[in-house]
Structure formats: C-alpha cells, structure tokens
Amino acid sequence: MNRNVRPVKVGNCVLDGKKIYIQSMLNIPAEDIEGSVKQAVELEKAGCEIVRAAIPNKEAVRLIPAIKEKINIPLVADIHFDYRLAVAAAEAGIDKIRINPGNIGSMDKVKAVVKACQSRGIPIRIGVNGGSLEKDLLEKYGRPTPEALVESALRHVRILEDCDFEDIVISLKSSDVPTMIGAYRLLAEKCDYPLHLGVTEAGTQRMGIIKSAVGIGSLLCDGIGETIRVSLTDDPVNEIYAAKDILKAIGKGRGVKIVSCPTCGRTKIDLISLAKKVEDAVKDIDKDITVAVMGCVVNGIGESGNADIGIAGGDGCAVLFAKGQMIRKVDEAEALSALLDEIEKI
Ligand code: SF4
C-alpha cells in the first residue's frame with residue numbers, strides 16, 4: 001500500500017508516489033566540464049530521470065548551466081557544508097539541492113539557503129548517512145541504528161520546517177541493508193515527505209546490485225520510496241540499468257522483461273549465451289513486453305505461456321512462440337535475429 005506523500009517538484013518531475021524516478025550521480029572530476037556534460041547526456045540516454053553532480057567548490061558551479069543546456073532531466077547539486085555554494089547553485093538554475101541544514105552552521109546561513117531555494121521553488125534533499133551520523137546520536141544509540149538515522153534526519157527536517165520550508169526530500173542511507181530497510185520503514189511512519197532510496201557504498205557491480213535490489217526492492221514492495229539510486233563502484237550508466245531492472249523485478253518498470261529457464265539435461269542449444277545476448281539486445285527497447293528464452297520445447301512453451309514472444313530450444317534448432325502458440329521453427333544460428341525480428345513487430 002502506498003503511503004500518502006506530500007508532492008515535491010524537482011524540475012519537471014513530481015515526487016508524489018505515482019511514479020518511481022531513477023537517479024544517478026556523475027563521477028567525472030567536477031573541474032572537467034566537458035566530461036561531466038557528456039556523462040550527464042549518456043545517463044539521460046540510458047534512462048536516468050534525475051541526475052546529481054557534486055559541487056565541491058565555486059568553480060564547479062559552472063557545471064550547472066553547462067549541463068542543464070544539454071539535458072532535459074532535472075539536475076541536483078550535491079553540496080557539503082558550504083551555504084554559499086548552495087545559494088550559488090540556486091542562482092545558477094539548479095533543480096534540487098542535497099545539503100543537510102544541520103551541517104551548514106548558523107541559522108542565518110540556513111535561512112540564506114532557504115530563501116534562495118524558496119524563491120525559486122527548489123527543493124532540498126536531506127541525506128543522512130550511517131557513516132556520518134552525529135556524535136551524540138552515536139553515543140545515544142551505540143551505532144547507526146535505524147532509530148539513530150531517523151532521529152538525525154528529523155533534526156535536519158525540523159531546522160527547515162522552522163524556516164517554513166517544507167519542500168523536502170529525505171534519504172537515510174546505510175551500507176547495511178537491514179539497517180537501511182528498518183530506517184526507511186520507521187521514517188515512512190513519521191513523515192509524509194518523499195523518500196529517496198539507496199544503499200550506500202553498496203559495492204562493485206555484483207554485490208552492489210544484490211544489496212540495492214534487496215534494500216530498495218523490499219521498500220518499494222512496501223509502497224515506500226519515490227525515487228531510487230543504485231550506488232555502484234562502476235560506470236553510473238550501469239546504475240541506471242540496475243535501477244530499471246529492480247523496477248521491472250517488482251512489476252513497476254517499463255521495458256522488456258525477460259524470463260529464461262535455468263537449463264537442464266533436456267537443453268540442446270547454447271541457451272545461456274543466447275539468453276545473455278537477448279538481454280543485451282533488448283535493454284534499450286521501450287516496450288512493455290515479456291520475452292521468454294527457454295531451453296526446450298516440451299516444457300518451455302507451456303511454462304512461459306504468458307510471454308508475448310519467446311524462443312524455445314530444440315536439437316540444433318529453436319522454435320519461436322507467442323502466448324504459448326508456436327509461430328515457426330528456425331536454425332539455432334538464426335535464433336537471436338529471428339527473435340529480435342519478432343520483437344520488432346510487436
Ligand atoms: S524449460 Fe526445458 S530445458 Fe529449461 S529447465 Fe525447463 S525442462 Fe529444462
């Protein structure tokens with residue numbers, strides 16, 4: 001069941017729970033404007049819907065107009081501590097700022113950021129991270145527990161609310177998946193701000209995707225989370241593909257869903273390599289269909305009877321089928337191209 005979410009507008013995206021937005025972050029050095037623009041464009045092309053860039057210093061503010069000129073998705077500035085950078089980013093046309101008001105300093109500085117954002121309709125994301133929890137909370141809870149993360153986030157929230165600012169998005173990241181899940185569940189009960197989900201420092205591709213799928217996927221299945229970021233020690237484009245696959249896995253994503261069998265002693269074609277080739281070939285196809293790649297005709301067609309299109313291996317050949325009905329037989333060597341031709345027709 002979806003919780004009631006207070007809608008927050010980030011550029012042309014509305015975080016209101018009706019759609020889950022995919023995010024990623026540039027990992028090009030901030031001084032490399034050309035490289036950053038190129039990566040932002042690549043991310044948008046891969047399906048990124050909100051992109052974030054670190055703004056570590058005054059010079060990096062130049063990234064904002066340069067990137068915004070070339071992309072059609074909202075740009076978020078990631079800022080640590082320096083309120084002047086947040087104000088400069090707002091003035092430069094940023095769509096959202098990630099900054100923790102409790103780390104800015106005096107209330108005058110917080111108010112300067114709030115004023116710059118409020119007058120332009122720019123939301124602020126509060127991002128609490130298990131690794132950088134306040135000392136007093138660590139002492140109180142002993143470690144970064146879900147309760148500690150939530151208490152920290154609500155402190156930052158209160159500072160903004162005290163300035164009459166409620167255009168807030170919150171993230172509560174931890175590299176420990178059960179802690180992350182527990183923290184978001186707790187926070188979801190305590191406020192109606194949109195939540196940005198992520199497992200931080202999740203790792204390299206394999207483990208990072210597994211941790212993110214478990215953490216983000218569990219929460220999304222609970223109806224918690226309006227935007228997601230899969231963090232990988234990898235090319236951020238792979239974060240987008242992973243995020244899209246997590247959404248597909250929970251039935252909330254667009255694109256081609258693949259079902260494929262694990263193969264067994266009945267398999268007589270090289271199904272493992274065929275399934276991988278199909279997966280790669282369809283990853284950018286924007287059709288809401290299910291494609292089956294099955295090892296044998298006997299069980300394969302029936303087991304994937306709901307697939308819009310599928311292929312089942314025979315002995316040196318393969319059979320194309322749709323909705324459980326055979327279409328035609330092809331040689332094994334033509335299996336991939338024949339399947340892609342059928343997908344094209346849908
Ligand atoms: S579909 Fe056929 S080949 Fe694949 S696991 Fe089932 S029985 Fe084995």
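We're numbering straight along the sequence, starting at 1. Order of appearance sets the numbers: ligands from 1, and atoms from 1 within every ligand.
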Checklist entry - Are Lys268 and Asp315 ion-paired here, with the side-chain N under 4.0 Å from a carboxylate O? => result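 Between Asp315 and Lys268 there is no salt bridge, as every charged N stays at least 4.0 Å from the carboxylate O atoms.
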Among all protein heavy atoms in this structure, tell me which lies nearest to [atom], with the distance rounded to 0.1 Å.
| atom | answer |
| --- | --- |
| atom 7 (S) of ligand 1 | Asn299 ND2, 3.2 Å |
| atom 6 (Fe) of ligand 1 | Glu303 OE1, 3.7 Å |
| atom 5 (S) of ligand 1 | Cys261 SG, 3.7 Å |
| atom 2 (Fe) of ligand 1 | Cys296 SG, 2.3 Å |

Checklist entry - Going through the checks in order, is the side-chain hydrogen bond (donor to acceptor under 3.5 Å, both in side chains) test met by Gln39 and Asn27? => result CA-CA 8 Å; Gln39 192 175 50; Asn27 65 356; 2.8 Å; yes
Checklist entry - Judged by modelled atom types alone, do Asp164 and Gln118 share a side-chain donor-acceptor pair under 3.5 Å? => result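 The criterion, which ignores hydrogens and geometry beyond distance, is not satisfied for Gln118 and Asp164.
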Checklist entry - If you count the atoms of ligand 1 from 1 in the order shown, which ones are under 4.0 Å from a heavy atom of Thr267? => result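 Counting atoms of ligand 1 from 1, those under 4.0 Å from Thr267 are 3 (S).
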Checklist entry - Taking only heavy atoms of Arg266, which atoms of ligand 1 are found under 4.0 Å from at least one of them? => result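 By the 4.0 Å cutoff, the relevant atoms are 7 (S).
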Checklist entry - At what distance, to the nearest 0.5 angstrom, does NE2 of His156 lie from CD1 of Ile104? => result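 It is 9.5 Å, given to the nearest 0.5 Å.
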Name each donor-acceptor pair under 3.5 Å that joins a side chain in residues 232-245 to protein atoms two or more places apart or in another chain, with its distance.
| from | atom 1 | to | atom 2 | distance (Å) |
| --- | --- | --- | --- | --- |
| Thr233 | OG1 | Gly203 | O | 3.3 |
| Asp234 | OD1 | Asn238 | ND2 | 3.1 |
| Asp235 | OD1 | Val237 | N | 2.9 |
| Glu239 | OE1 | Ser24 | OG | 2.7 |
| Glu239 | OE1 | Arg229 | NE | 3.1 |
| Glu239 | OE1 | Arg229 | NH2 | 3.3 |
| Glu239 | OE2 | Arg229 | NH2 | 3.1 |
| Glu239 | OE2 | Leu232 | N | 2.9 |
| Tyr241 | OH | Asp284 | OD1 | 2.9 |
| Tyr241 | OH | Asp284 | OD2 | 3.4 |
| Lys244 | NZ | Ala46 | O | 2.6 |

Item to check | salt bridge (Lys or Arg N to Asp or Glu O under 4.0 Å) partner of Asp95, chosen from Lys9, Lys68, Arg52 | outcome: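 Testing each of Lys9, Lys68, Arg52 against Asp95, the sole residue satisfying salt bridge (Lys or Arg N to Asp or Glu O under 4.0 Å) is Lys68.
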Next on the checklist: Looking at atom 8 (Fe) of ligand 1, is there an N, O or S atom belonging to Cys264 that lies under 2.8 Å away from it?
Outcome noted: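 Yes, Cys264 qualifies, because one of its backbone or side-chain N, O or S atoms lies under 2.8 Å.
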